[in-house]
Protein chains: 2
Amino acid sequence: MKPAEQLRFLVLAAQREGNRILLDLLRPVGVSPSQAEVIRVLADHGPLSLVDLGLLLVCETGSPSRLVDGLVAATLLERMPAVGDRRRVILSLTDAGREKEVSIREVEATLHGFIEQSLSPVEIASVNATLHKFVSGRPAGIAVVKRSAAPVRADMH
Amino acid sequence: MKPAEQLRFLVLAAQREGNRILLDLLRPVGVSPSQAEVIRVLADHGPLSLVDLGLLLVCETGSPSRLVDGLVAATLLERMPAVGDRRRVILSLTDAGREKEVSIREVEATLHGFIEQSLSPVEIASVNATLHKFVSGRPAGIAVVKRSAAPVRADMH
DNA sequence: TGTTATTGAATGACATGTCATCAATATAGC
DNA sequence: GCTATATTGATGACATGTCATTCAATAACA
């Protein structure tokens with residue numbers, strides 16, 4: 001098998017296995033990996049419209065209407081009409097959502113600990129540099145870059 | 001953001017973006033990335049039961065009943081009862097499936113060319129080694145290893 | 001043999017991920 | 001101001017991905 005083909009499947013395999021680990025870790029918390037990402041993004045990057053949230057998500061392109069639906073139904077998120085634009089909806093965490101976010105951060109710390117235990121800092125940095133090169137300029141890559149920057153809450157603008 | 005966390009999102013981003021590229025390339029062929037993987041595995045590793053197919057797939061765990069359903073409906077695959085075990089179903093490509101496999105290989109060559117154009121051989125080898133370390137021992141990692149070995153058709157046993 | 005446990009595949013259920021479409025609202029350009 | 005265009009979010013459609021359950025068939029074994 002060509003190295004490029006192997007890369008393709010190893011990236012897929014790593015994503016699948018990582019997601020399964022996260023799925024297991026998040027089960028007691030009661031949210032899915034995608035839902036966890038939405039909650040973390042909203043916690044770090046303040047109230048956002050659907051489109052703006054979508055631009056920060058790696059897990060999905062476009063506007064994550066239905067992903068948000070489930071979180072609103074679980075009363076972890078609130079939808080509020082935007083003030084100057086009646087098309088837009090502003091999403092923010094509820095108190096329950098903020099509590100959930102604490103548990104999510106703990107789970108993520110566990111996962112990151114596992115990654116750091118499996119791979120050396122040099123290996124991690126090397127993979128990061130290469131994968132970043134591959135996704136840079138594409139939607140998911142842009143989202144990672146924006147998220148990598150320091151969290152910016154809307155109320156800090 | 002911690003490097004380990006960045007790694008997590010970069011792997012997700014690379015999988016998503018790669019999948020979108022493959023989705024676009026495969027659209028004219030008329031199969032999805034997962035369907036293409038099934039066809040390629042069956043072409044390379046001969047007739048297989050559902051479980052055995054599942055063990056070679058990176059895209060999915062368990063037995064890919066429904067994934068196969070679609071391919072049988074498209075007459076790209078054939079289901080045949082196994083001879084000594086009436087529970088098992090043996091899957092093999094039809095003539096149409098074998099024709100489709102040629103187109104799929106062409107598309108994959110394009111994608112691999114794009115990967116090789118984006119990343120150097122050293123970068124690819126390095127990422128492969130690290131990701132392999134991460135997924136080794138897990139189902140998706142085992143599938144990649146089995147697939148990486150030379151294709152073994154059932155009729156060559 | 002007869003009983004129990006295990007396996008293989010199919011299926012129901014539910015959340016994702018992608019695409020296309022639609023209604024309401026804003027914006028641009030005249 | 002008015003019309004054409006663009007944007008926002010919701011929704012239908014369809015294939016994935018995961019889990020649990022079910023049913024038939026086989027294997028294990030007392």
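Below, read A as the first sequence line, B as the second, and so on, with proteins coming before strands; counting in each chain starts at 1.
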> Is A:Arg79 near enough to D:dA10 that one of its side-chain N or O atoms lies under 4.0 angstrom from OP1 or OP2?
Replying inline: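 The answer is yes; a side-chain N or O of A:Arg79 sits under 4.0 Å from OP1 or OP2.
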>> Side-chain N or O of B:Thr61 versus OP1/OP2 of D:dT18: is the shortest distance under 4.0 Å?
In response: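 Looking at the OP1 and OP2 atoms of D:dT18, one of them is under 4.0 Å from a side-chain N or O of B:Thr61.
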> So which nucleotide from D:dA24, C:dG17, C:dA24 ends up closest to the side chain of B:Arg87?
Replying inline: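 Comparing D:dA24, C:dG17, C:dA24 against the side chain of B:Arg87, the answer is D:dA24.
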> Between C:dA9, D:dC19, D:dG9, which one does the side chain of B:Val89 approach most closely?
Replying inline: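 That would be C:dA9.
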Rounded to whole Å, please give me the gap between [atom1] in [X] and [atom2] in [N].
| X | N | atom1 | atom2 | value |
| --- | --- | --- | --- | --- |
| A:Asp69 | D:dT11 | CG | P | 7 Å |
| A:Arg86 | C:dA26 | CZ | P | 5 Å |
| B:Asp85 | D:dA24 | CG | C1' | 11 Å |

> Taking N and O atoms by type only, does the side chain of A:Arg66 place a donor or acceptor under 3.5 Å from a partner on the base of D:dG9?
Replying inline: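 Side chain to base: no pair below 3.5 Å.
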With heavy atoms under 4.0 Å as the rule, sort [X] into base, sugar-phosphate or nothing.
| X | answer |
| --- | --- |
| A:Arg20 | sugar-phosphate |
| B:Ser34 | sugar-phosphate |
| B:Arg16 | sugar-phosphate |

>> Side chains of B:Ser148 and A:Gln6: any donor to acceptor distance under 3.5 Å?
In response: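 Result is yes, a qualifying pair exists.
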